[in-house]
Amino acid sequence: MAGARGLAAVLDGTARLWVQDDTPDAEARYRVRFWFDPNDFTAGSGTKKVQILQAFSQDPKLKKMVALFVRGSASGYEVMAKVREDGAGMRTTGWKQMSNAPHAIEIDWTKASAPGAGDGHLQLWLDGTSVALLSNLDNASRFLDMVRLGVPAVRPSTSGTVYFDRFVSRRASYIGP
C-alpha cells in the first residue's frame, strides 16, 4: 500500500500469520495505527470474523487486553474492537462499517488510574475519524506489553489475501492517517 514493504497474509487454511512487537514495556497507555486492506477476503459463512490485532499483558501471565476484528457485511466490511476489564471480561465497540479498500485504523488504549477508578478508555478511529469510544473502563490491574498484527487465528472457511502496512505505535498523542 505504501512503497515496497508491507505484510500480505494469505488466508488458505488455519495457519497463524502475524508479526509481533515486543517493544511495549508495561504501558499504561498505548496507541497504534496501521493500514489494513481487506482485499475481497472471505471470512466464511454467517457472521464469521477475523482478528487483525491483539495486544497482551504478560504479568502475571499472558492475557489478551485488546483485540480488533474484521468481518464481511452486505455493503463491504466492518471493524470492531474488544477490550478487557478487570472483573467482567471484555467490552466491545460494536461493528463499524468500512469499504473494501485500504483504511487507516487507530486505537488509543488507556489503563484505569487505580482499581475501581473506572477511568480507563479505548477509542477507535477509522481513516482519521473517531468511530467508537469505550469509557469508564475498570482495567487497572494490568499493563500492556506486546502486540500482534496480522491474522493470529483463521477458520478453514476463510480465504483470500489481506494487506497490512504503515504500523506506528507510541505511548501518547494522536497518530492520524
Side-chain angles (χ1 to χ4, degrees), residues 1-2 6-7 9 18-38 49-59 62-71 76-99 101-153 162-177:
M1 287 180 273
L7 175 69
W18 78 80
V19 292
Q20 185 167 305
D21 180 7
D22 291 318
T23 58
D25 184 21
E27 305 298 341
R29 185 171 186 189
Y30 182 79
R31 297 189 73 120
V32 62
R33 192 254 314 136
F34 61 93
W35 282 78
F36 173 75
D37 185 350
K49 57 189 180 283
V50 172
Q51 286 188 68
I52 59 171
L53 182 128
Q54 299 174 323
F56 294 91
S57 174
Q58 294 185 41
D59 184 34
L62 192 65
K63 188 71 117 176
K64 191 182 310 176
M65 302 301 294
V66 177
L68 287 177
F69 296 87
V70 174
R71 72 178 183 187
Y77 291 89
E78 297 173 320
V79 62
M80 184 253 301
K82 284 187 174 185
V83 62
R84 179 168 306 284
E85 289 198 279
D86 288 344
M90 305 286 272
R91 282 183 49 193
T92 65
T93 62
W95 292 100
K96 305 301 175 185
Q97 192 66 40
M98 67 182 200
S99 64
H103 294 278
I105 299 174
E106 183 169 342
I107 61 166
D108 177 11
W109 172 86
T110 301
K111 170 178 151 14
S113 60
D119 57 356
H121 81 268
L122 178 96
Q123 191 164 8
L124 172 66
W125 283 268
L126 188 59
D127 298 324
T129 301
S130 177
V131 296
L133 173 64
L134 295 175
S135 56
N136 302 15
L137 296 175
D138 183 16
N139 61 347
S141 68
R142 294 176 175 271
F143 292 93
L144 197 139
D145 299 302
M146 174 182 65
V147 177
R148 291 180 180 158
L149 178 69
V151 187
V162 295
Y163 296 97
F164 299 87
D165 209 342
R166 301 180 190 168
F167 180 90
V168 175
S169 66
R170 54 178 76 148
R171 290 180 180 94
S173 77
Y174 175 71
I175 300 169

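Everything numeric in this text was worked out from a predicted model, so none of it was measured.
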According to the salt bridge (charged side-chain N to carboxylate O under 4.0 Å, His left out) rule, which pairs have a member within [range], sequence neighbours left out?
| range | value |
| --- | --- |
| residues 108-118 | Arg29-Asp108, Arg31-Asp108 |
| residues 123-134 | none |
| residues 168-177 | Glu27-Arg171 |

Measure the spacing between [atom1] of [X] and [atom2] of [Y] and express it to the nearest 0.5 Å.
| X | Y | atom1 | atom2 | result |
| --- | --- | --- | --- | --- |
| Ile107 | Phe34 | CD1 | CZ | 7.5 Å |
| Ser130 | Leu124 | OG | CG | 7.5 Å |
| Gln58 | Leu144 | CD | CG | 9.5 Å |
| Asp22 | Met146 | CG | CE | 6.5 Å |
| Trp125 | Arg33 | CH2 | CZ | 12.5 Å |

What residues, two or more places apart in sequence or in another chain, satisfy ring-ring contact (aromatic ring centres under 6.0 Å, His included) together with Trp18?
-> none
Taking the side chain as every heavy atom from C-beta outward, state whether [X] and [Y] have any atom pair closer than 4.5 Å.
| X | Y | answer |
| --- | --- | --- |
| Arg148 | Phe56 | yes |
| Trp109 | Val32 | no |
| Tyr77 | Ser99 | no |

Name the orientation class of the two ring planes belonging to Phe36 and Phe164 (parallel below 30°, tilted from 30 to 60°, perpendicular beyond 60°).
-> tilted
Got a sec, which residues hit side chain to side chain donor-acceptor pair (under 3.5 Å) with Lys64, two or more places apart in sequence or on another chain?
-> Gln51
Enumerate the residue pairs fulfilling side chain to side chain donor-acceptor pair (under 3.5 Å) with a member in residues 81-94, sequence neighbours excluded, ordered by first and then second residue.
-> Asp86-Ser141
